[in-house]
Structure formats: C-alpha cells, structure tokens
Amino acid sequence: MSNSEYIRLADAIAAEIANGTLKPGDRLPPQRRFAHEHKIAASTASRVFSELLRRGLVVGEVGRGTFVSGETKRGAEALGEPRGIRTDLEFNYPILPEQTALIARSLAGLERPAALDVALRQVTSTGTAVARSVAADFLSRDGWCATPEQLVFTGNGRQAIGAALAALVPTGGRCGVEALTYPFIKGIAVRLGITLVPLAMDGDGVRPDAVLRAHQEARLSAIYIQPAVQNPLGTTMSAARRSDLIRVVEALDLPVIEDRVYSFLEDDLPLATLAPETCIVIDSLSKRVAPGLSLGFIVPPLRLRESMMASVRSGGWSASGLTFAAAQRIMADGTVAELVRRKRIDARARQRLAADRLSGFDIQSNENGFHLWLTLPPHWRSQSFVVAAARRDIALTPSTTFAVMPGHAPNAVRLALATPTMDQLDSGLRTLAGMLNAREEDLYSTE
C-alpha cells in the first residue's frame, strides 16, 4: 500500500469519527481483523492505527484494545483550558476562600507610585539581589539550602521546566520521564524537538533499573521526575529509593530535573540534598498561592546557572517586574507560609472525604496531596467513564493524558480534589461512586 493510500484509510476513519458514525468510546476492531477486513497487510494496519493515535483520535488501553477518544476536540497531548463545568475534578487549583484577603493585606501599598515605579521596570532572569535572597530563604529547608547565587526565575513552573529541558537536552535528544507524568511536559518536548522516554515505575516512584536500561538502549541527556506527591499517582519516593536512584544517575553522569511543585504539601527534602551537582530543582508559587500569581524557580548547580539563564532569555520566559514585586512581598512576610499551612489542612480533609466516598474502590492516593488515582472496574473504560461523568457535569482526566506512550495507558482516571467547594466535592464523589457501581450501558439506557 502506498503512503497516500494508507493516509486515505486513516482519513476515512477520521471522517467517520468526525461525522459521528464512530462515537467516543467505540472500540475499533483488533488490528489483525482490521487488516483482513480491508485486505491489507498487518504492518499497514499498524501504521493506520499509529496515525490515528498520533492525531489523538483514538486511544489504546493495555489489554483492552483501541477506542475512539472522548477527547477528540481537545487533543490528547495535554489538559485543555478550564471549561467552567460544575464539578471540576480535572484542574488542581488549591484556592482557599480566605486567601484573597490574606494576599491583599500583603500587597497593600504596592499600588503607591514609588513602589509601582520599581515594580514596572524591566527585570532579568535572575531578578534582583533582594528577590534572590528572599526566594533562597523561602525555598530552603532544614537539611537543604538554596543559595541566592544559584537562583534563576521564570514566569511559572511550566516555563522553568521548559528552560531546564532546553538547557540540558539538545534538539533530537532523549529525556527520561516517569511512564505516567505531568501532561504539559509532552507539549514542551514536542516544541523543543525532544523525545520523551517512559521509565517504569512502582510504588516508590521511578525505578533505577529502568533509568539504567533506557540509557543503555540509547543515551539519555537528562531525566525529569517528581519525587514528592507525584502527579498523577501521588507517590513520594522513600529514602532508600532516593539513594538507589542517585547512585545510578551519578554513575551515568545524568542530570536530574527535579519538579517539586507539590513538595510544599510534605516535609521531604529535595534529591539535590544527596546530589547537589546532579539535580536541578524546579518549583513555583502557583499551587502554594494561586495560578494568577505565579513565579517559577530554577535552582541548578552553579556550573549550569549560565546555561539556564540563557535558556530563559531565548525562550522569553522571564517573569515580569510586577510578579517579582508581589511574590517578594508574600514570601518575605510569611503570607505564603500561612497559605501552605492552611492548604495542607485542606488537602488532608479532602483526601479523607474522597477515601470515605470511594471506599471499596481501587484508589491510589497520598493523604497529603490534592489528587488521587482511580483504577476503574473492568466494566468501565477510562475514556467512556470520562464522557459519562461529563454528561453529569463532572470533569475528570483520563489516564491517556498522563501516559507518555498513548497506546499503553492503564484503565484509570485522575481526580483533582482542590478546586470544588467541599459540598461540590462531596456531591461529585457520590455521583462517581454511583457510576462505578453501575454499568455504562445501564447509565445510558435510563437517560
């Protein structure tokens, strides 16, 4: 079959999806049967399915087959924009009812001409000496110290990840990531021309032997991981796993991009404590404070600081002066620390509620985190469950969003617990529990 014919066959299936002949959740025939029905080679059928996966029109679920995606209008690479749905369990924005007043109190006076004049001036990727000192004190913990000389700033955490990747991984290079990972890194990698290599995980996080094997197969330039309250699984690496992982990456001379955006919810120390010359710490204010007041932090070894600064400049990822001014105030006066204290209490309350409402179902969570991982019963599939929940005005995220390899996603969904009010969360979880106890066909047959 020529390339044009193979593309035409993929286009024909795409047209059936677009016109509704094939609906979200419909299962495509196995590839061998598909090949037989269309009188093509099995290898050609595989190419057709791969093309549909690439376009985000279908998803593969391990041991279950290939299904029309429930996300066809939004794409499969990453989360979309918030949709204003009634119960949002898709986006994790921990915002407390009282936090705006706390922040406003901290920012009082910033509107005065003298203060505003300074805030509106152009700043660099390293901010000011005062900003670096405040941020270093803010990020440091007992047992680990970030120094002002290390710090590089970006507008948010995503930009910090992008800058670190761009500095460490050349175009065409390979970066190891957890097999289920932060979705936005997939889009960042595409734009930078980087190949993401999935690394096998277990209950302690990424496995050191998976890093070693991936590097031996074809050289990795870096790895990106989330050691604390991992997204989406909620795992936090044990001390033994941290030591084993550091031993492997140091032997391979492999830089580690350590994303600590959820680390404020626990008291663990960065991997950089064990390997300060190997680990690049990434953090931000977005979860601690609010998505509208964010500042990204990169804490690299001093030998890598210049390359990080150059990456931020070339990417146009510098923070604004107004962001620096606001962030400096709320970090220095203890406002962020108070928000963290309150958000830790809120996260634990939400996890207790979720554990109670979803009792008896297969959930993986961190009692300190704002999300959980729900493995679905065999009679449900990830995509169809997300579609059914959306019909009930509940937004969820399917496992395919987090899977580095779209054809190897577990039958699961992530529930982000931070955004709804407690009453909305309670109602949404009760609705999901009822859905889990029912079959998909039963739910649709009664509507």
Side-chain angles (χ1 to χ4, degrees), residues 1-81 169 171-200 214 217-218 381-387 390 397-413:
M1 175 174 280
S2 69
N3 280 344
S4 60
E5 289 172 322
Y6 131 71
I7 290 295
R8 275 202 297 271
L9 186 49
D11 287 343
I13 298 172
E16 291 185 3
I17 295 172
N19 66 28
T21 302
L22 289 172
K23 297 178 175 57
D26 284 354
R27 180 175 181 174
L28 298 187
Q31 290 187 25
R32 286 187 178 278
R33 197 173 90 203
F34 181 89
H36 177 74
E37 291 174 351
H38 291 82
K39 297 181 174 57
I40 57 177
S43 60
T44 303
S46 177
R47 292 181 70 191
V48 174
F49 276 56
S50 295
E51 174 64 14
L52 294 171
L53 278 167
R54 187 191 67 78
R55 299 185 194 182
L57 297 175
V58 300
V59 294
E61 294 179 8
V62 177
R64 301 178 67 86
T66 303
F67 301 84
V68 176
S69 171
E71 300 282 290
T72 53
K73 292 184 180 180
R74 300 171 55 218
E77 284 302 315
L79 297 168
E81 298 292 335
V169 186
T171 301
R174 290 161 38 99
C175 179
V177 298
E178 293 141 326
L180 295 169
T181 190
Y182 176 52
F184 284 100
I185 195 173
K186 295 192 285 184
I188 294 170
V190 169
R191 289 190 291 275
L192 294 176
I194 291 170
T195 298
L196 298 182
V197 180
L199 303 173
E217 289 174 356
R381 292 183 306 96
S382 174
Q383 291 287 333
S384 57
F385 190 76
V386 169
V387 172
T397 313
S399 57
T400 50
T401 300
F402 304 95
V404 179
M405 299 294 287
H408 296 80
N411 189 36
V413 295

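Residues: numbered from 1 along the sequence shown. The basis for the numbers below is simple: all heavy atoms, side chains too, and nothing from hydrogens, waters or symmetry mates.
- The side chain to side chain donor-acceptor pair (under 3.5 Å) search around E51 returns R54, R55, not counting sequence neighbours.
- In this view, T171 satisfies the side chain to side chain donor-acceptor pair (under 3.5 Å) rule with no residue, not counting sequence neighbours.
- Two residues are said to be in side-chain contact when any heavy atoms from C-beta on lie closer than 4.5 Å; V58 and F49 fail this criterion.
- One distance of note links CG of N411 with OG of S384; it measures 8.0 Å at 0.5 Å rounding.
- Applying the side chain to side chain contact (heavy atoms under 4.5 Å, CB included) rule to E37 yields the partners P29, R33; only residues at least two apart in sequence or on another chain are considered.
- Listed for the R174 side chain is a donor-acceptor partner under 3.5 Å among the backbone atoms of A214.
- Here the closest non-hydrogen pair linking A10 and L52 is O-CD2, 3.7 Å.
- Here the side chains of T181 and L196 are not in contact, with every heavy-atom distance at 4.5 Å or above.
- Of the possible donor and acceptor atoms, none in the side chain of K23 sits under 3.5 Å from a partner among the backbone N and O of V68.
- At a threshold of 4.5 Å between non-hydrogen side-chain atoms, the residues L180 and P410 count as touching.
- A 4.5 Å side-chain heavy-atom check between V177 and I185 finds at least one atom pair inside the cut-off.
- Atom OG of S50 is separated from atom CD of Q31 by 7.0 Å, given to the nearest 0.5 angstrom.
- I13 CD1 to L28 CG: the interatomic distance, rounded to the nearest 0.5 Å, is 6.5 Å.
- When atom types are taken as modelled, the side chain of K186 and the backbone of A403 share a donor-acceptor pair closer than 3.5 angstrom.
- Shown here are the side chain to side chain contact (heavy atoms under 4.5 Å, CB included) partners of A41, two or more places apart in sequence or in another chain: S43, T44.
- A12 meets the side chain to side chain contact (heavy atoms under 4.5 Å, CB included) test with no other residue; sequence neighbours excluded.
- Looking at heavy atoms from C-beta onward, I40 lies in side-chain contact with L9 at the 4.5 angstrom threshold.
- In this structure, D26 has no salt bridge (Lys or Arg N to Asp or Glu O under 4.0 Å) partners at least two apart in sequence or on a different chain.
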Notebook entry, point to check: Given the rule in the side-chain contact (heavy atoms from CB on, under 4.5 Å) test, do F34 and T66 qualify, once you have shown the distances and angles that lead to the verdict?
Noted result: CA-CA 12 Å; F34 181 89; T66 303; over 6 Å; no

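- Partner of C175 under the side-chain contact (heavy atoms from CB on, under 4.5 Å) criterion, out of V169, L192, T195, V197: V169 alone.
- What you find for P198 and M405 is that their closest heavy atoms are CG-CG, 3.6 Å.
- In terms of modelled atom types and a separation under 3.5 Å, the side chain of S382 and the main chain of V413 share no donor-acceptor contact.
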